[in-house]
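Working notes for the structure below.
For reference, positions follow the sequence shown, starting with 1.
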Amino acid sequence: MLADDASPASLRAYAYELLAWVRFLRAVDVPWYLASRVEARDFALWLKTTKKPPRQRRSDAPAPGSVNPITGKAAPGENYAARTRRHARAVIRSFYEYHRETHGRPLINSFPQGGAAEESTPNAHHNPMQPFRRPARRGTYQPKEPMPTPRIIPDQAFNDLFAALKYNRHRALIAFYISTGARASELLGVEQGLIAPEDQTIGVVRKGSQILQHLPSSADAFVWLRLYQQELRGMAPQGPDGAVVVDASPALSPTGVRRGPDGRHPRQPASRCELDPA
């Protein structure tokens with residue numbers, strides 16, 4: 001993965017999945033190269049039934065698994081989600097396939113593939129004169145892919161949210177967030193040289209590929225950004241390499257985010273709780 005230019009966040013996520021598998025095998029006293037379908041089945045059942053390690057939560061945090069009645073977004077549940085279990089299975093399967101192709105062992109993959117590799121996308125380059133092909137059967141012990149639930153926020157609720165914002169900084173961030181579709185962490189890392197009001201675009205470095213991408217934005221977002229920059233005149237460093245989102249306080253922002261001495265937002269990759277079957 002490192003040779004394929006995988007991001008550090010991906011390497012970290014894959015390492016945690018393999019760590020969980022190795023710890024599980026150690027708990028049942030089975031070497032990794034002797035793991036069979038039995039261990040794969042037990043590991044899948046353990047991931048499905050066990051509860052995630054408890055984390056410190058705010059007193060006003062929603063209950064695990066509850067759904068926001070306004071946005072329709074569900075809070076993380078107490079158990080591992082189906083997408084998490086699917087990712088764990090894919091990582092472990094890739095690990096065994098790599099060793100089979102490179103070292104010739106182990107001979108059996110604990111997590112076999114459901115169908116042929118070329119049938120993973122059976123309707124790619126589909127001929128409109130032919131009927132659609134049914135996708136291959138799911139792999140053994142692979143959770144069903146959850147159906148995404150559309151999440152929306154009513155216009156009146158969004159207007160109330162925007163009216164409740166006290167700072168032009170927050171108004172600019174929300175306006176860019178809605179109009180560009182970029183992640184919050186990507187917007188907080190934008191530099192001044194990547195803002196192009198004449199083209200109504202903003203350049204962000206994408207989280208996964210780390211590639212710079214210029215996204216179109218609304219005119220209102222640039223108006224709020226200009227008002228915010230006027231408030232920071234003489235209080236923040238200027239130049240194309242300077243951060244767009246800075247605070248008068250170099251240590252703590254109004255939103256409670258800890259910052260560095262240059263006012264930049266620290267990029268922290270998403271982490272998952274460490275699995276420990278013991």
4.5 Å side-chain heavy-atom contact, [X] and [Y]:
X    : Y    : result
L212 : L194 : yes
V28  : D42  : no
P64  : R57  : yes
R41  : R37  : no
K52  : T84  : no

Do you know which two heavy atoms are closest between [X] and [Y], and how far apart they sit?
X    : Y    : result
P106 : R100 : O-CG, 2.8 Å
A88  : L47  : CB-CD1, 3.9 Å
R85  : P143 : NH1-CG, 3.3 Å
S66  : A63  : OG-O, 2.6 Å
R93  : N109 : O-ND2, 3.3 Å
A219 : Q200 : CB-NE2, 3.4 Å

Please say yes or no: joined through hydrophobic side-chain contacts below 4.5 Å, possibly via intermediate residues, are [X] and [Y] part of one cluster?
X    : Y    : value
V190 : V205 : yes
V38  : W46  : no
F222 : L227 : yes
V244 : L232 : yes
V91  : L11  : yes

Open item on the list: Let's go through L187 and V204 carefully: what are the C-alpha distance in whole Å and the side-chain angles of both, what is the deciding distance for side-chain contact (heavy atoms from CB on, under 4.5 Å) to 0.1 Å, and is it a yes or a no?
Closed with: CA-CA 7 Å; L187 292 176; V204 300; 4.2 Å; yes
Taking [Y]'s backbone N and O only, do any of them form a donor-acceptor pair with [X]'s side chain (distance below 3.5 Å, no angle check)?
X    : Y    : result
D199 : T201 : no
K48  : N79  : no
E17  : Y14  : no
N68  : A74  : no

From [X] atom [atom1] to [Y] atom [atom2], the distance as rounded to the nearest 0.5 Å:
X    : Y    : atom1 : atom2 : result
W32  : L18  : CH2   : CG    : 10.5 Å
F111 : Y141 : CZ    : OH    : 9.0 Å
I195 : I202 : CD1   : CD1   : 3.5 Å
K51  : Y80  : NZ    : OH    : 12.5 Å
L225 : N168 : CG    : CG    : 10.0 Å
F158 : D160 : CZ    : CG    : 10.5 Å

TODO: Please work out whether the ring planes of H103 and Y98 are parallel, tilted or perpendicular, with thresholds of 30° and 60°.
DONE: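 Ring orientation, 0 to 90° scale: perpendicular.
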Is it true that [X] and [Y] have ring centroids separated by less than 6.0 Å?
X    : Y    : answer
W21  : Y16  : no
F162 : W224 : yes
Y96  : H99  : no

TODO: Dump the intermediate steps for side-chain contact (heavy atoms from CB on, under 4.5 Å) on Q210 and R206, then the final yes or no.
DONE: CA-CA 5 Å; Q210 297 296 310; R206 307 307 291 187; over 6 Å; no
Task: Within 45° cone and under 6.0 Å: R105 NZ/CZ vs Y33 ring - done: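 Yes.
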Ignoring hydrogens and angles, write down the donor-acceptor pairs under 3.5 Å from the side chains of residues 172-183, residues two or more places apart or on other chains.
| residue | atom | partner | partner atom | Å |
| --- | --- | --- | --- | --- |
| S179 | OG | A175 | O | 2.8 |
| S179 | OG | S217 | OG | 2.8 |
| T180 | OG1 | F176 | O | 2.5 |
| T180 | OG1 | A182 | N | 3.3 |
| R183 | NH1 | E186 | OE2 | 2.8 |

- [ ] Test side-chain hydrogen bond (donor to acceptor under 3.5 Å, both in side chains) on S36 and E39 and set out the steps.
- [x] CA-CA 6 Å; S36 64; E39 284 72 35; 2.6 Å; yes
Tell me if the [atom1] atom of [X] is crowded by more than 12 foreign heavy atoms within 6.0 Å.
X    : atom1 : result
I108 : CD1   : no
D155 : CG    : no
D29  : CG    : no

TODO: Just jot down the side chain to side chain donor-acceptor pair (under 3.5 Å) partners of Q230, sequence neighbours excluded, or say none.
DONE: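 Applying side chain to side chain donor-acceptor pair (under 3.5 Å) to Q230 gives R226, R233.
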